[in-house]
Structure formats: structure tokens, C-alpha cells
Amino acid sequence: MYPTAMPIRRAHFWYDLRELLSQARLWLILLIVTTSLILLVNFSCLYPTVFLFITLFLLRTLIGRRCPVCDSRLQAVHAQRDPDNVFILHIIWQCPRDGYQEREATKGDAGLFGAS
């Protein structure tokens with residue numbers, strides 16, 4: 001059985017909305033429904049569909065990273081290179097209110113020879 005969707009809590013609205021928009025299942029269901037509308041109903045449904053996907057993606061981007069404890073915006077505090085792989089950069093996100101930290105691994109390009 002699939003887990004039910006997480007309800008949006010009153011005190012954590014932005015965090016829960018971002019988590020909801022981050023689910024791959026939601027994007028896949030939207031893609032299937034809109035593709036069937038475009039192919040079965042009318043091809044002019046393409047423009048509202050593209051507008052819907054762009055709007056949802058921009059909304060998720062504008063919400064940004066949020067703290068799961070207090071729902072405030074996380075700030076990038078510092079970054080450090082992975083000692084084993086020079087192509088990976090770890091970005092540390094921290095909540096200014098309660099000190100909650102997240103670590104994001106970003107794969108990048110470290111130059112021609114991987115010099116640090």
C-alpha cells in the first residue's frame with residue numbers, strides 16, 4: 001500500500017508545500033494526466049499544461065529550502081570540498097532561528113586536473 005500524502009500543517013505550510021512539490025509521484029501523475037488531455041481531448045491543452053508545469057517549478061524554487069522545525073528559510077553558511085572526491089562540494093544550510101543544519105552534496109567541475 002502506498003503511503004498517504006502528508007497533510008499540510010498550519011505551522012509548517014511552506015516546508016510541507018515544498019516537500020509535496022518535490023515528490024516524483026506527483027510530477028509523474030501530472031505528466032500522465034496532462035499528456036492524456038493533450039492527446040485525447042485537444043492539442044490546444046498544451047499551452048496551459050506547459051504554464052502549469054512552469055508555475056509549479058517556479059513556486060518550488062521560490063519557496064526555497066525550509067527548516068523542518070520552525071519553517072523559516074535556511075541560509076547557506078559555508079561549503080567544503082569532499083576529501084575523497086574533488087568533484088563533490090558539500091554545502092551546509094543552517095536555520096538562523098534554531099541552528100538546524102542540512103548538508104547538500106553538489107557535483108561540480110573542479111577544473112582540468114581537479115586542482116583544489
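Since we're looking at a predicted model, the values are computed, not measured.
Cluster annotation: F13 and L21 are assigned to the same hydrophobic cluster (Ile/Leu/Val/Met/Phe/Trp/Tyr, side-chain heavy-atom contacts under 4.5 Å, transitive). V50 and L26 are members of different hydrophobic clusters when ILVMFWY side chains are connected at heavy-atom separations under 4.5 Å. Placement of L52 and F57 within a single hydrophobic cluster is found when ILVMFWY residues are connected by side-chain heavy-atom separations under 4.5 Å, directly or transitively.
Rounded to the nearest 0.5 angstrom, L89 CG and E104 CD are separated by 9.0 Å. Remark: I63 CD1 to W14 CH2 distance equals 5.5 Å, nearest 0.5 Å. One distance of note links CZ of R73 with SG of C67; it measures 13.0 Å at 0.5 Å rounding.
When side chains are defined from C-beta on, L59 counts as touching L17, because their heavy atoms get closer than 4.5 Å. Put simply, the side chain of C95 does not reach to within 4.5 Å of the side chain of V69, judged on heavy atoms. Under the 4.5 Å side-chain criterion, counting only non-hydrogen atoms from C-beta, R103 is not in contact with Q101.
The side-chain hydrogen bond (donor to acceptor under 3.5 Å, both in side chains) contacts involving residues 51-63 comprise S22-R60, where partners must be two or more places apart or lie in separate chains.
Applying the side chain to side chain contact (heavy atoms under 4.5 Å, CB included) criterion to D82, with sequence neighbours excluded, gives D84, N85, I88, H90. Residues satisfying the side chain to side chain contact (heavy atoms under 4.5 Å, CB included) test with P96, not counting sequence neighbours, are S72, Q75. Annotation: side chain to side chain contact (heavy atoms under 4.5 Å, CB included) contacts of F53 (sequence neighbours excluded): W27, L30, L31, T34, T49. The side chain to side chain contact (heavy atoms under 4.5 Å, CB included) check on E102 picks up R65, L74, W93, Y100, with sequence neighbours excluded.
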Please list, one pair per line, the donor and acceptor atoms closer than 3.5 Å that link side chains of residues 36-43 to other protein atoms, with sequence neighbours excluded.
| from | atom 1 | to | atom 2 | distance (Å) |
| --- | --- | --- | --- | --- |
| S36 | OG | I32 | O | 3.2 |
| S36 | OG | V33 | O | 2.7 |
| N42 | OD1 | S44 | N | 3.4 |
| N42 | ND2 | S44 | OG | 3.1 |

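Annotation for G64 and R18: closest pair O-CD, 2.7 Å, computed over non-hydrogen atoms.
Members clustered with I92: none, using a 4.5 Å side-chain heavy-atom cutoff among hydrophobic residues.
Under the 3.5 Å distance criterion, the side-chain polar atoms of R81 are left unmatched by any main-chain donor or acceptor of F87.
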